[in-house]
Amino acid sequence: MSFDNNLEGVNITRNMWYAFWNPEKETFTSLKAVNGTIGGENKFNVWSVSVAVHAIVDAARVAPEFAGPLIDQAIKAMNKYRSPQYGGYCAFENYDGNNDIYYDDDAQVASALICAYEVTRNQEYLKLGKDLVHFLMGGYNNDKNSKAGGGMKWHVSKDYCNTCTTSECAIAAMRLAKFVSGNEQRELYEYAKKCINWVFDKMIDPEDRLVWDGVGKDSDSPDTMKYTYNIGTTLTAVCMLYQYDHDSIWVDRSKLLAEGATDRGRWLFCRDYGDWKKRFWRDPSYFVQLLIEGLADYIETFGNIGPEQTVNCCKNEIIRHLSYFRKYNFDPKDGLY
């Protein structure tokens, strides 16, 4: 690419802050209703806010003088979604009786909080992240009579168990495991491993080895839709598990996921074009984001031990898609995508 990626990331974060941070409301709002907002004030849902917080935290790694002071403001805004009654974060700002809590949303929140601690060493963020991860662990389907055979519930009051939630929760647990020790660390690892083993036992399509979306708790008929974020989050979790235990099973599983995600003849790509050079991942960019993260984690974790062709395919697809977004999604008027 023709520009510095770290600088571009900081610029996006800066432009996002100026476009959406509302100092009067002390939260993120939009001037008009857009995907992820609700109500007359156009406040964002907690998934959007958690991604924004995580972006600010990552920007602070390379531009601490700019992004560092924004972290606490953003986290205070995110904490408006927290339900003291349940211990989880609601889809929209909390109010008495609000139980609209999604475990995949909360896994994103937990990752943002733990990464904020990693950057700032603020113990309050670690405590919030730790409490939230333990809340997440309570959402695992441990019913021995369940046809689904495990998996994380999508929502506190719904029985659908899906890949994205299960893998995101495994990621959050492994992020936390870096900052605890002893039995607590082992418990987090065992939970994350249980999550990912379920994905490979229940959610992998035996024909093309891609990842299905999920299954009802009492159903043996999975939703066979295949989203980029399902394979991306699972790949990130696999990398984190390998970094912890160095078990060779994760080498094989990561290769399977990475090759599935980069094969332009498979489901994840738009296959309307006979010319494979024109085939790109067909999901919206905020799904593809999680796949790119997973592929980047694969390169970082297995770049020296994975098959050279697989590693190079991952690098190539990341560059292709970032270049695609830059060419077709970048708005020069405000520097956003």
Side-chain angles (χ1 to χ4, degrees), residues 1-10 54-55 57-62 111 114-115 118-119 163 166-168 170-181 185-186 188-197 199-200 204 208-211 228-266 268-269 276 280-281 288-325:
M1 300 183 72
S2 59
F3 55 88
D4 181 279
N5 290 294
N6 277 338
L7 177 60
E8 180 68 1
V10 173
H54 208 151
V57 169
D58 282 344
R61 299 179 193 273
V62 293
S111 283
I114 295 163
C115 287
E118 184 178 36
V119 170
T163 298
T166 305
S167 295
E168 286 274 19
I171 291 168
M174 293 308 296
R175 289 197 197 282
L176 180 58
K178 292 168 57 178
F179 302 110
V180 298
S181 59
Q185 184 183 74
R186 188 71 186 182
L188 292 165
Y189 160 71
E190 293 293 347
Y191 162 76
K193 184 168 69 170
K194 177 173 67 173
C195 286
I196 300 307
N197 281 338
V199 172
F200 278 89
I204 302 292
D208 64 11
R209 312 301 289 170
L210 294 177
V211 186
T228 48
Y229 63 13
N230 286 330
I231 199 165
T233 53
T234 304
L235 184 53
T236 290
V238 166
C239 292
M240 298 175 85
L241 287 165
Y242 178 78
Q243 290 166 12
Y244 182 87
D245 65 13
H246 299 288
D247 192 324
S248 61
I249 191 174
W250 308 124
V251 179
D252 297 334
R253 287 180 168 182
S254 67
K255 175 177 177 291
L256 179 148
L257 295 172
E259 291 180 350
T262 55
D263 185 341
R264 297 179 203 171
R266 299 198 203 184
L268 295 186
F269 286 82
W276 282 34
F280 290 84
W281 295 314
V288 170
Q289 166 207 340
L290 295 169
L291 177 54
I292 288 178
E293 288 182 9
L295 294 177
D297 289 332
Y298 176 79
I299 294 167
E300 183 176 2
T301 305
F302 298 103
N304 293 327
I305 61 175
E308 183 178 2
Q309 181 177 0
T310 304
V311 173
N312 287 338
C313 280
C314 292
K315 292 178 180 178
N316 186 44
E317 290 303 332
I318 290 174
I319 293 172
R320 284 182 74 238
H321 282 81
L322 291 181
S323 298
Y324 178 93
F325 293 142

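Computed from heavy atoms alone, side chains included, the values below leave out hydrogens, waters and symmetry copies.
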task: Return yes if some donor-acceptor pair links the side-chain N/O of Asn312 with the main-chain N/O of Glu308 below 3.5 Å, else return no.
output: yes
message: Side chains of Asp297 and Leu235, heavy atoms from C-beta outward: is any pair under 4.5 Å?
response: no
task: Give, for atom CZ of Arg175 and atom CE of Met240, the distance between the pair rounded to the nearest 0.5 Å.
output: 5.0 Å
statement: All heavy atoms of Leu295 vs all of Ala258, minimum pair found to be CD2-CA, 4.4 Å
query: Quick one: CG on Leu291 to CH2 on Trp281, what's the gap to the nearest 0.5 Å?
result: 4.5 Å
task: Could you tell me whether a side-chain N or O of Arg209 sits under 3.5 Å from a main-chain N or O of Leu256, the two making a donor and an acceptor?
output: no
- prompt: How far apart are the closest heavy atoms of Ser167 and Thr234, and which atoms are they?
  reply: OG-OG1, 2.8 Å
task: Using a 4.5 Å cut-off on heavy atoms from C-beta on, say whether the side chain of Leu257 contacts that of Val211.
output: yes
- request: Considering only NZ, NE, NH1 and NH2 on the basic side and carboxylate oxygens on the acidic side, decide whether Arg186 and Glu190 come within less than 4.0 Å.
  value: yes
task: Assess whether side chain to side chain contact (heavy atoms under 4.5 Å, CB included) is satisfied between Gln185 and Tyr244, documenting all intermediate values.
output: CA-CA 10 Å; Gln185 184 183 74; Tyr244 182 87; 3.4 Å; yes
message: So that I can tick it off, tell me whether Glu317 and Arg264 are bridged by a salt bridge, with the cut-off set at under 4.0 angstrom between side-chain N and carboxylate O.
response: yes
- line: Of all heavy-atom pairs linking Ala192 and Leu241, the shortest is CB-CD2, 4.1 Å
message: Nearest 0.5 Å, please: how far is CD1 in Ile299 from OG1 in Thr310?
response: 11.0 Å
query: OG1/Thr236 to CG/Leu290 distance, rounded to the nearest 0.5 angstrom?
result: 7.5 Å
message: Give me the atom names and distance for the closest heavy-atom approach of Val288 to Thr228.
response: N-OG1, 3.6 Å
- request: Could you tell me whether the side chain of Tyr242 reaches within less than 4.5 Å of the side chain of Ile249, counting heavy atoms only?
  value: no
message: Looking at every non-hydrogen atom in both residues, tell me the closest pair between Leu210 and Ala261 and how far apart they are.
response: CD2-N, 4.4 Å
query: Are any side-chain N or O atoms of Thr301 and backbone N or O atoms of Tyr298, one a donor and one an acceptor, separated by less than 3.5 Å?
result: no
Nearest atoms (heavy-atom pairs only) where Thr233 meets Glu168: CG2-OE2, 3.6 Å
message: I'd like to know if Arg61 pairs up with Asp58 as an ion pair, taking the criterion as any Lys NZ or Arg NE/NH1/NH2 lying under 4.0 Å from an Asp or Glu carboxylate oxygen.
response: yes
message: I need the His54 NE2 to Cys115 SG distance, nearest 0.5 Å.
response: 3.5 Å
- request: Answer yes or no: are there more than 12 heavy-atom neighbours, outside Glu300 itself, under 6.0 Å from its atom CD?
  value: no
query: Considering only heavy atoms from C-beta outward, does the side chain of Lys178 approach that of Glu118 to under 4.5 Å?
result: yes
field: Plane angle bin for His321 and Phe280 - parallel if under 30°, tilted between 30 and 60°, otherwise perpendicular
entry: perpendicular
Separation of Thr163 OG1 from Tyr229 OH (nearest 0.5 Å): 9.0 Å
query: Does Ala237 offer a backbone N or O that forms a donor-acceptor pair with the side chain of Trp250 under 3.5 Å?
result: no
